[in-house]
Amino acid sequence: MAVRTDTAASLVEEVFRFGRALRVAVARSDDRLELAPALVGVLGTLATHGECRQSELAVVMCTSQSVLSRQLAELTDAGHVVRTPDPADGRATRVRVSDQGIACLERIKAQRVQRLSELLADWDEDDAHAALESITRLTTTFTVDAQSRHSGSRVLAG
């Protein structure tokens with residue numbers, strides 16, 4: 001049975017409220033970070049996805065090439081990302097997270113986990129697992145849809 005329109009509308013509102021609340025909650029732990037939150041997102045996605053071309057990372061992140069290019073340049077200048085020639089195409093480069101970038105991500109994750117643990121002090125393990133399962137399912141649904149739409153637009157434009 002499909003989700004009712006009013007339920008979908010409530011979910012949209014709550015997802016956006018959650019996103020804002022999460023940004024505020026982790027911002028407190030991010031005060032000591034050396035990277036802006038957007039750069040942390042790029043670095044984390046690249047670490048998860050692994051070495052790839054910038055164009056591939058843009059698709060994974062559902063972002064534009066120009067925005068990602070500026071972010072990768074900043075991360076490269078800071079020593080968090082390494083660019084190497086693409087052996088399959090001499091004009092292209094591949095990007096990967098450097099050891100310094102991995103260390104940075106580990107520090108950021110530890111700070112965020114500490115902050116979230118403080119906020120969830122009155123939750124039990126079952127509540128946390130139920131929330132994790134729901135958020136994971138939403139993320140998967142949204143990501144698959146976004147990548148499908150992005151791939152479809154590339155096919156139409158190409």
Side-chain angles (χ1 to χ4, degrees), residues 11-12 14-151:
L11 188 56
V12 166
E14 203 56 39
V15 166
F16 279 99
R17 282 174 25 101
F18 174 75
R20 287 189 298 272
L22 181 61
R23 279 189 294 279
V24 169
V26 299
R28 183 168 166 216
S29 67
D30 286 351
D31 289 343
R32 303 173 300 231
L33 300 180
E34 64 254 42
L35 291 179
L39 296 179
V40 174
V42 172
L43 197 59
T45 302
L46 181 56
T48 300
H49 185 71
E51 183 177 317
C52 61
R53 283 183 167 190
Q54 178 179 316
S55 58
E56 184 181 337
L57 184 60
V59 170
V60 168
M61 295 191 67
C62 301
T63 191
S64 73
Q65 287 273 2
S66 61
V67 168
L68 185 59
S69 182
R70 287 189 298 275
Q71 292 169 325
L72 286 172
E74 193 169 338
L75 289 166
T76 301
D77 291 346
H80 298 306
V81 168
V82 175
R83 292 181 187 266
T84 56
D86 188 333
D89 181 353
R91 300 167 296 162
T93 59
R94 297 181 64 78
V95 291
R96 67 173 173 79
V97 178
S98 68
D99 290 343
Q100 179 180 326
I102 295 294
C104 177
L105 284 173
E106 288 172 356
R107 287 190 301 275
I108 291 166
K109 182 178 180 180
Q111 290 171 358
R112 289 179 173 180
V113 165
Q114 176 61 38
R115 175 66 180 142
L116 197 55
S117 294
E118 293 166 5
L119 291 170
L120 299 178
D122 62 341
W123 285 44
D124 66 28
E125 207 51 32
D126 290 340
D127 291 336
H129 280 288
L132 177 60
E133 184 177 313
S134 293
I135 291 169
T136 300
R137 186 172 178 195
L138 279 170
T139 301
T140 300
T141 299
F142 296 165
T143 302
V144 167
D145 177 69
Q147 289 176 345
S148 171
R149 284 185 292 121
H150 184 80
S151 293

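Side-chain atoms are counted along with the backbone in the values below, which use heavy atoms only and exclude waters and symmetry mates.
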task: Step by step, work out the side-chain contact (heavy atoms from CB on, under 4.5 Å) result for D124 and D127.
output: CA-CA 5 Å; D124 66 28; D127 291 336; 3.3 Å; yes
message: Determine whether V67 and M61 satisfy the following criterion, side-chain contact (heavy atoms from CB on, under 4.5 Å), listing intermediate values before the conclusion.
response: CA-CA 11 Å; V67 168; M61 295 191 67; over 6 Å; no
- request: Could you walk me through whether L35 and L75 pass the side-chain contact (heavy atoms from CB on, under 4.5 Å) test, one step at a time?
  value: CA-CA 9 Å; L35 291 179; L75 289 166; 4.0 Å; yes
field: Verdict with reasoning, R20 to R23, per side-chain contact (heavy atoms from CB on, under 4.5 Å)
entry: CA-CA 5 Å; R20 287 189 298 272; R23 279 189 294 279; 3.4 Å; yes
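Residue E125 holds its CD atom at 10.0 Å from CG of L120, rounded to the nearest 0.5 Å. To the nearest 0.5 Å, the span separating CD on Q65 from CG on L57 amounts to 9.0 Å. To the nearest 0.5 Å, atoms OG1 (T140) and CZ (R137) are separated by 9.5 Å. Note that the CG atom of L116 and the CG atom of L22 stand 7.5 Å from one another [nearest 0.5 Å]. Atom CD of Q100 is separated from atom CD1 of I102 by 11.0 Å, given to the nearest 0.5 angstrom.
Between L43 and G101, the shortest heavy-atom contact is CD2-O, 3.8 Å. Heavy atoms only, all atoms of each residue included: W123 and A131 are closest at CZ3-CB, 3.8 Å. R115 and A25 make their closest contact through NE-O, 3.1 Å (heavy atoms, listed as atom of the first residue, atom of the second, distance). Nearest heavy atoms, Q54 versus S69: NE2-CB, 3.3 Å. The two atoms that bring G79 and S98 nearest to each other are O-OG, 2.5 Å, heavy atoms only. Nearest approach of A58 to L68, heavy atoms of both residues: N-CD2, 3.4 Å.
Scanning for salt bridge (charged side-chain N to carboxylate O under 4.0 Å, His left out) contacts around E14 gives R17, with sequence neighbours left out. With sequence neighbours excluded, the residues that form a salt bridge (charged side-chain N to carboxylate O under 4.0 Å, His left out) with R91 are D89.
Shown are L46, T84, V95; of these, the side chain to side chain contact (heavy atoms under 4.5 Å, CB included) with E51 is made only by T84.
Pairs engaging residues 67-86 under the salt bridge (charged side-chain N to carboxylate O under 4.0 Å, His left out) rule: R53-D86 [sequence neighbours left out].
Side-chain N or O atoms of Q71 include none that pairs as donor or acceptor with a backbone N or O of G41 at under 3.5 Å.
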